[in-house]
Amino acid sequence: MKKIITLSLLVLFVFSCTPKPGDKSFVPKNRSEEIQHIINVAPKWFRQIPKSNKNTFAVGTAKSSDYQTSIRKATLIAKADLADRVDGKISDKEKFFNLETYLKEKLVVETKSERSLQNQIDNVVIQGYAVDKQLTIPQGNYFRTFILLKK
């Protein structure tokens with residue numbers, strides 16, 4: 001019984017120390033901790049973009065020391081994602097080649113390949129979109145905005 005109480009208190013202590021969404025005192029110690037925090041606080045609609053036969057959705061997130069700038073940056077990233085979904089083009093180039101050399105009078109054949117993928121968005125006009133959802137939370141001395149656009 002004593003072990004259960006001790007374990008329960010330990011678990012409660014550990015979870016009380018983890019950063020919560022909007023925790024102004026949370027300042028990540030490194031990039032890995034920041035990434036984990038973003039994953040933890042990202043809303044469900046950001047992690048699983050809604051699907052619809054009528055609309056196209058796109059998301060973006062950004063961080064800034066200025067509240068409005070975090071919103072503008074997240075919106076710009078989401079608009080680029082929306083443009084890619086509406087009219088993005090992928091080009092794929094692949095090269096194969098064999099390199100033949102003799103090593104101690106024995107033929108050695110080495111096959112190599114290179115692949116290049118490029119995403120191209122050419123002057124896509126993004127009109128008629130609306131902000132469907134938005135969440136801005138403090139992250140230390142910064143603001144992090146998650147945004148969902150709908151077209």
Side-chain angles (χ1 to χ4, degrees), residues 1-97 99 110-151:
M1 180 71 173
K2 197 174 189 182
K3 287 181 181 180
I4 293 173
I5 293 172
T6 305
L7 183 61
S8 298
L9 289 174
L10 181 63
V11 168
L12 182 63
F13 175 74
V14 168
F15 281 106
S16 68
C17 294
T18 58
K20 306 286 185 281
D23 182 357
K24 294 177 185 178
S25 64
F26 175 70
V27 178
K29 295 178 188 88
N30 53 45
R31 181 68 177 141
S32 177
E33 192 174 283
E34 181 179 20
I35 290 168
Q36 190 58 51
H37 181 67
I38 294 166
I39 291 167
N40 291 341
V41 300
K44 184 178 180 182
W45 50 261
F46 184 84
R47 287 178 274 134
Q48 295 174 343
I49 301 171
K51 293 182 171 87
S52 167
N53 291 334
K54 296 178 182 180
N55 300 103
T56 303
F57 293 92
V59 295
T61 184
K63 171 177 95 169
S64 177
S65 60
D66 178 70
Y67 178 77
Q68 184 61 37
T69 303
S70 75
I71 295 169
R72 285 185 178 153
K73 286 169 56 176
T75 303
L76 184 61
I77 290 166
K79 283 173 67 177
D81 187 34
L82 192 58
D84 183 33
R85 291 172 187 268
V86 170
D87 196 29
K89 297 172 184 78
I90 297 285
S91 64
D92 184 4
K93 295 177 185 175
E94 198 165 13
K95 295 179 190 177
F96 293 97
F97 51 94
L99 180 63
E110 187 177 350
T111 302
K112 292 190 176 188
S113 66
E114 291 179 4
R115 187 169 195 180
S116 172
L117 293 171
Q118 183 178 18
N119 190 13
Q120 183 176 338
I121 305 168
D122 291 327
N123 300 322
V124 177
V125 177
I126 300 297
Q127 291 178 331
Y129 73 88
V131 174
D132 193 54
K133 295 187 186 207
Q134 177 183 322
L135 172 66
T136 302
I137 58 171
Q139 186 177 322
N141 293 327
Y142 294 91
F143 296 96
R144 169 143 322 260
T145 296
F146 297 93
I147 200 155
L148 174 68
L149 298 183
K150 176 171 83 171
K151 180 168 174 29

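All of these numbers come straight from a predicted model, not from anything done at the bench.
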Closest non-hydrogen atoms of A78 and G60, given as atom of the first, atom of the second and distance, are CB-N, 3.7 Å
Rounding to 0.5 Å, atoms OG1 (T56) and CG (D84) come to a distance of 11.5 Å
Would you sort out whether Y67 and T145 count as a side-chain contact (heavy atoms from CB on, under 4.5 Å), showing the intermediate values? CA-CA 8 Å; Y67 178 77; T145 296; 5.7 Å; no
CG of N55 to CG of D132, rounded to nearest 0.5 Å, is 8.0 Å
*Got a sec: does the CZ of R85 have more than 12 other heavy atoms crowding it under 6.0 Å?*
yes
Of all heavy-atom pairs linking K73 and K63, the shortest is NZ-O, 2.8 Å
Tightest non-hydrogen contact, residues F57 and S52, listed as CE1-CB, 3.8 Å
Quiz prompt | Minimum side-chain heavy-atom gap F143-T69 below 4.5 Å | solution = no
Margin query: Between I147 and T61, does the side-chain contact (heavy atoms from CB on, under 4.5 Å) criterion hold? Intermediate values first, please.
Written below: CA-CA 6 Å; I147 200 155; T61 184; over 6 Å; no
Exercise. Side chains of E114 and F97: closer than 4.5 Å at any heavy-atom pair?
Worked result: yes
Does a side-chain heavy-atom distance below 4.5 Å link L148 with P50? yes
* **Distance-only side-chain donor-acceptor flag, S64 / S70, under 3.5 Å** => no
What one should report as the nearest heavy-atom pair of S65 and Y142 is N-CD2, 3.5 Å
Rounding to 0.5 Å, atoms CZ (R144) and CG (L135) come to a distance of 11.0 Å
query = Does the side chain of T75 reach to within under 4.5 Å of the side chain of R72, using non-hydrogen atoms?
reply = no
Note to self: For the CZ atom on F46, are there more than 12 heavy atoms of other groups (residues, nucleotides or ligands in this structure) within a distance under 6.0 Å?
What the structure shows: yes
